[in-house]
Amino acid sequence: MFTKILVANRGEIALRVIRACHDLGIEAVAVYSTADRGAPWLDVADQAICIGPAASSESYLKVARIIAAAEVSGAQAIHPGYGFLSENSKFAEQCRASGIEFIGPPVAAMDALGNKDKSKTVARAAKVPTVPGSDGLITSLDQAKAFAARVEYPVLVKASAGGGGKGMRVVHSPDKLEEAIDAAKREAAVSFKDDSVFLEKYLDRPRHVEVQLIGDQHGNVLHLFERDCSLQRRHQKLVEESPSPNLPDKVRQEMCTAAVRLAKEAKYYNAGTCEFLVDQKNNFYFIEVNARVQVEHPVTELVTGVDIIREQIRVAAGEKLRHQQKDIKQTGCAIEVRINAEDTAHDFRPSAGVVKTWRPPGGPGVRLDSHVCAGYRVPSNYDSMVAKLLVHQPTRAEAFAVMRRCLREFKVEGIHTTIPILQTIFNNEAFIEGKVDTTFIERELMKKA
Ligand code: ADP
């Protein structure tokens, strides 16, 4: 087992990983940019190394500096968290070439699944249903028009390298296709330095359901059941829960086994998520794999009792998974909300600044993953998430009641947060009944806002 791990991230996930290291008796080395100097999670780490200025391109994305920090500190492994370098296979390769273990999947699996278009080929090989579409990249307008006509409008133009809802355009008619392809390509070129795009049928009000996977280096892969992440704004998740409400058990089982099949096809290990869309008839379609730990992983930790970060570290060290599929149970209902420093009254614009009051809720079955405390300055350089608030209760109704109480209790002053809109969401009848889909927020809530 490792004795020292470097955490190549910031904020709540850096703190989460540092804690997991300490729980395993491992020392944790933090890295930080000058914008994060003095940040609370650095205090919790055993060592903290400055790796550059505020711009992430000059710090959290600087491969050479992060590897140098690991070498200088004597860390044997690097945990990338999510975002930043977590899905960069070249980074994983360089870590391993330097004799430092990258806590994540093998490079070949990252390459095969890291790109949405390529990952659909793997899914088809594993007999996992995919959204009908172009079955390959778009190379000409005529070809795109032919694909779109075959699957019927509306269609979605998607960047193969896409993420975070970027590089996607919905198209309702043939005359708008060229414009959408150009716009998606431009956005993808800027965001991902890769302008390849493909086409998918745009499903009508689907639900987003994803399966958590964990595999070891000995060929064992387990699923840890599913999470429902249908509540999204602009294709970005706001609320996640497990189990997925109103999902027939047979479909749940089929999705979970399909996800394991896909992981085995790709010879995957470590943590990963297989994302699906579920249509109104409960047909499910693979959309992508996130080859890393996700923001919403604690939802699954609460219902299964498996500490995913600890498991990631153990399997990276070569240990075998300590569970068998039959031992993994989904107990009760867990819900997570993402609390962002954003001003909901002004189109969710980021709200950086000093947190004056921070009084989080608590009580039985409440978990808060956050790096924030009173006096903390939320920098404007990074993602705006300031906390993940979770509840775990025997039933969904109880989870909702506790979440409502927690959101009422949570007092934050000095910055704007998304707490008010979350309160509205948790009082919405359709959501309470579990009747939501990925367009719900825009359809039901934003038009009134
Ligand atoms: P990203 O990697 O940018 O997050 P995804 O492929 O995971 O992109 O899709 C994000 C969200 O976009 C999905 O959860 C869903 O809401 C929507 N979406 C993606 N593909 C489709 C589709 N074919 N039809 C309808 N909605 C889709």
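When a ligand or atom number is given, it counts from 1 through the structure's own listing order. Values reported hereafter were calculated over all heavy atoms of this structure, with side chains retained and with hydrogens, waters and symmetry mates removed.
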Polar contacts were defined as any N/O atom of the residue lying under 3.5 Å from an N/O atom of the ligand; does this apply to [X] and ligand 1?
| X | answer |
| --- | --- |
| L203 | yes |
| E200 | yes |
| G164 | yes |

Notebook entry, point to check: Taking NZ, NE, NH1 and NH2 as the nitrogens, is one of them in E200 or K120 under 4.0 Å from a carboxylate oxygen of the other?
Noted result: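 Looking at E200 and K120, the cut-off is met.
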Does a side chain donor of either [X] or [Y] reach within less than 3.5 Å of an acceptor in the other side chain?
| X | Y | answer |
| --- | --- | --- |
| S242 | Q330 | yes |
| T418 | E342 | no |
| T300 | R227 | yes |
| N381 | Y60 | no |
| D111 | S89 | yes |

Check: Quick one: is the NZ or CZ of R396 closer than 6.0 Å to the six-membered ring centre of F431, and within 45° of its axis?
Finding: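 Verdict for F431: a cation-pi partner in R396.
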Note to self: Check whether F348 forms a cation-pi arrangement with R233 (NZ or CZ under 6.0 Å from the six-membered ring centre, at most 45° off the ring normal).
What the structure shows: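 Yes, a cation-pi geometry holds between R233 and F348.
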Could you list the atoms of ligand 1 found under 4.0 angstrom from a heavy atom of [X]?
| X | result |
| --- | --- |
| H235 | 11 (C), 12 (O), 16 (O), 17 (C) |
| K158 | 6 (O), 19 (C), 20 (N) |
| E275 | 7 (O) |
| H208 | 13 (C), 14 (O) |

Check: For E301, which of H392, R367, R310, Q212 qualifies under side-chain hydrogen bond (donor to acceptor under 3.5 Å, both in side chains)?
Finding: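 Of the listed options, the one satisfying the test is R367.
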Who's closest to [atom] heavy-atom-wise, of [options]?
| atom | options | result |
| --- | --- | --- |
| atom 3 (O) of ligand 1 | S230, A161, G165 | G165 |
| atom 10 (C) of ligand 1 | R205, K201, M168, R234 | M168 |
| atom 22 (C) of ligand 1 | L277, V155, V131 | L277 |
| atom 16 (O) of ligand 1 | Q232, R207, Q236, K237 | Q232 |

Suppose we measure from [atom] to each protein heavy atom; which comes out shortest, and what is that distance?
| atom | value |
| --- | --- |
| atom 7 (O) of ligand 1 | E288 OE2, 2.6 Å |
| atom 2 (O) of ligand 1 | K116 NZ, 2.5 Å |
| atom 26 (N) of ligand 1 | Y202 CE1, 3.6 Å |

